[in-house]
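Reading through the structure tokens given below for one structure.
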Amino acid sequence: MKEAAWSVKGRWTDAERKVVMVTGANSGIGLALCTRLLAREPSLHLCLACRSTVRAEGARRELLAAHPGADVALLRVDVSDVESVYRAAQQIKQRYTRLDYLYLNAGIMPNPRINWSAYFSGLFSRNVVRMFSTGEGLLTQEDSVNEDGLQHVFTTNVFGHFILIRQLEDLLCHPDTPSQLVWTSSSNARASAFNASDPQHKKGCEPYSSSKYAVDLLSVVLNQQYNEKGLYSSVVCPGLVMTNMTYNILPAFFWTLILPIMWLIRMFTNTYTLSPKNGAEALVWLFGKKPVSLDPLVKYKSSTSGMGKNYVQADKMNVNLEDAERFFEYLIKLEAEMNEKYK
Ligand SMILES: NC(=O)C1=CN([C@@H]2O[C@H](COP(=O)(O)OP(=O)(O)OC[C@H]3O[C@@H](n4cnc5c(N)ncnc54)[C@H](OP(=O)(O)O)[C@@H]3O)[C@@H](O)[C@H]2O)C=CC1
Ligand SMILES: CC(C)=CCC[C@@H](C)[C@H]1CC[C@H]2C3=C(CC[C@]12C)[C@@]1(C)CCC(=O)C[C@@H]1CC3
């Protein structure tokens, strides 16, 4: 923090207090993550980066009710709007001298549609467990274009966050005390939904799958580019979690009705974490790890066993490194255009 060093109950010096920022912190997995981080380390400087001030204030109240005296700051940022990201980055630079953890969690899946015929044929196929754990081939979405002419899902889930990282480079890059980026990716990330010639997914109808695979690609290249500067990147998969996102796919009462079925499915796949608290498992686990000890090619998956026990599973990612580099070049070019427009 830029203010004079101070301590909570005289126990921590400012240098010891980690600075953590979470995008999309006002609900679902982001809010559960904040709650768990404060329970684990009450001395944190926590910054909730949210697009709605009202919802962010609500989240802050909830966090302070559980952790009175905690340092919870708010930052308004709409990651789907590049100009808002530049503005927010300026404010962060005025408030903090370093960032130890940046959780890139905000995400959208607009206008989801379920392909019921794929669902029913999948039920009787060999891929049934895979279908239930990844949702592969079951969902399509309707994307839109923002004021900069960029695809909405791509900008929210990937590009807005990329600009944020690049703008905060000075706060994040400290070779002596490494910082960590943690992306909330998904089991729904799919290489076949991503096209290196159409990285924004202008032409397809699975922008969500494409954007989450793009996150996986980007994390790999960020490690190549930034590790020696003291910045590390990891991807996390929270499993299937009941949040506003899933309530947008099917209504909340329907999910409640099929809860026993989902507990049953848990016997076959550990990806049905279901609660935001369980879904945040891998995100919290990474907070306790030394960034240098992590594998850049691994996806850390929040997992819940049939008996309801939480754990983290590390699975090697199957990413195309050529596509990853090509995608990074694309992002750098797009960033240059945006810099010219907004900086
Ligand atoms: N739920 C699930 O099963 C899974 C979720 N995920 C991922 O987890 C992440 C969190 O989602 P989840 O908690 O489930 O869903 P929520 O809808 O509860 O959380 C999404 C968060 O992102 C914020 N957000 C959305 N758009 C923007 C924007 N333009 N600018 C700033 N913030 C924004 C939302 O803010 P607001 O309240 O204003 O909308 C909200 O705080 C997402 O990246 C999602 O893709 C991954 C795998 C599975
Ligand atoms: C009996 C039962 C569970 C029915 C629901 C069928 C589908 C609606 C779900 C099966 C797998 C789910 C899934 C997601 C959404 C809902 C399903 C397709 C996600 C795509 C949600 C967002 C993610 O990031 C990953 C999830 C994977 C699994």
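Values in this document were obtained by computation on a predicted structure and should not be read as measured data. Just the heavy atoms: all of them, side chains too, but no hydrogens, waters or symmetry mates, feed the values below. Whatever order the structure lists ligands and atoms in, that order sets their numbers, starting from 1. Heads up: numbering here begins at 1 and tracks the sequence.
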For ligand 1, find out whether one of its N or O atoms is nearer than 3.5 Å to an N or O atom of [X].
{"X": "Y208", "value": "yes"}
{"X": "S52", "value": "no"}
{"X": "T243", "value": "yes"}
{"X": "C50", "value": "no"}

Where ligand 1 meets [X] - atom numbers and elements under 4.0 angstrom, heavy-atom basis:
{"X": "L240", "value": "3 (O)"}
{"X": "S80", "value": "29 (N)"}
{"X": "T184", "value": "7 (C), 8 (O), 9 (C), 43 (O)"}
{"X": "G28", "value": "13 (O), 18 (O)"}
{"X": "G24", "value": "21 (C), 22 (O), 23 (C), 41 (O)"}
{"X": "S27", "value": "16 (P), 18 (O), 19 (O), 40 (C), 41 (O)"}
{"X": "V77", "value": "30 (N), 31 (C)"}
{"X": "D78", "value": "28 (C), 29 (N), 30 (N)"}

Using a 4.5 Å cut-off on heavy atoms from C-beta on, say whether the side chain of [Y] contacts that of [X].
{"X": "L218", "Y": "V158", "result": "yes"}
{"X": "E136", "Y": "M131", "result": "no"}
{"X": "D78", "Y": "R76", "result": "yes"}

Options [options], ranked by nearest heavy atom to [atom], top entry:
{"atom": "atom 24 (N) of ligand 1", "options": "P238, S211, A106", "answer": "A106"}
{"atom": "atom 1 (C) of ligand 2", "options": "F254, Y119, W116", "answer": "Y119"}
{"atom": "atom 5 (C) of ligand 1", "options": "I29, V241, I108", "answer": "I29"}
{"atom": "atom 43 (O) of ligand 1", "options": "N188, L31, N105", "answer": "N105"}
{"atom": "atom 46 (C) of ligand 1", "options": "S185, C237, S302, G107", "answer": "S185"}
{"atom": "atom 4 (C) of ligand 1", "options": "G239, S186, P110", "answer": "G239"}
{"atom": "atom 21 (C) of ligand 2", "options": "I261, I114, I249, L259", "answer": "I249"}

**OP:** State, to 0.1 Å, how close C47 and L75 come at their nearest heavy-atom pair, and which atoms those are.
**Re:** SG-CB, 3.8 Å
**OP:** Identify the heavy atoms of I165 and L172 that sit nearest to each other, and give their distance.
**Re:** O-CD1, 4.0 Å
Tell me whether [X] is salt-bridged to [Y], with the criterion being a basic N under 4.0 Å from an acidic carboxylate O.
{"X": "K316", "Y": "D295", "result": "yes"}
{"X": "R166", "Y": "E169", "result": "yes"}
{"X": "E281", "Y": "R36", "result": "yes"}
{"X": "D143", "Y": "K202", "result": "no"}
{"X": "D315", "Y": "K301", "result": "yes"}

Do the rings of [X] and [Y] sit parallel, tilted or perpendicular, given the 30° and 60° boundaries?
{"X": "F194", "Y": "F327", "result": "perpendicular"}
{"X": "F154", "Y": "F159", "result": "parallel"}
{"X": "Y119", "Y": "F132", "result": "perpendicular"}

Does either side chain, that of [X] or that of [Y], offer a donor lying less than 3.5 Å from an acceptor on the other one?
{"X": "Q313", "Y": "N270", "answer": "yes"}
{"X": "N248", "Y": "T246", "answer": "no"}
{"X": "D323", "Y": "Y213", "answer": "no"}
{"X": "S209", "Y": "N188", "answer": "yes"}
{"X": "N127", "Y": "S125", "answer": "no"}

Original post:
Run the side-chain hydrogen bond (donor to acceptor under 3.5 Å, both in side chains) check on N146 and S144 step by step: do they pass?
Top reply: CA-CA 7 Å; N146 73 8; S144 55; over 6 Å; no
Original post:
At under 4.0 Å between heavy atoms, which part of S133 makes contact with ligand 2: side chain, backbone, both or neither?
Top reply: backbone
Which atoms of ligand 2 sit under 4.0 Å from any heavy atom of [X]?
{"X": "L240", "value": "13 (C), 14 (C)"}
{"X": "M109", "value": "22 (C)"}
{"X": "T134", "value": "27 (C), 28 (C)"}

Among all the protein's non-hydrogen atoms, which is closest to [atom], and how far away is it?
{"atom": "atom 20 (C) of ligand 2", "value": "L139 CD1, 3.6 Å"}
{"atom": "atom 30 (N) of ligand 1", "value": "V79 N, 2.9 Å"}
{"atom": "atom 7 (C) of ligand 2", "value": "L138 CD1, 4.3 Å"}
{"atom": "atom 11 (C) of ligand 2", "value": "F132 O, 3.3 Å"}
{"atom": "atom 34 (C) of ligand 1", "value": "N26 OD1, 4.3 Å"}
{"atom": "atom 39 (O) of ligand 1", "value": "R51 NH2, 2.7 Å"}
{"atom": "atom 9 (C) of ligand 2", "value": "W255 CH2, 4.3 Å"}

**OP:** Report yes if some N/O of S186 lies less than 3.5 Å from some N/O of ligand 2; otherwise report no.
**Re:** yes
Original post:
Are any of the N or O atoms of Y272 closer than 3.5 Å to those of ligand 2?
Top reply: no
Original post:
Is a side-chain N or O of S219 found less than 3.5 angstrom from the main chain of D216, in a donor-acceptor match?
Top reply: no
Subject >> Residue-ligand contact P112/ligand 2, heavy atom below 4.0 Å >> reply: no
Subject >> Proximity of R55 to ligand 1 by residue part, where a heavy atom lies under 4.0 Å >> reply: side chain
Original post:
Which part of K212 is near ligand 1, with near meaning a heavy atom under 4.0 Å away: side chain, backbone, both or neither?
Top reply: side chain
Original post:
Is atom 17 (C) of ligand 2 less than 4.0 angstrom from at least one protein heavy atom?
Top reply: no
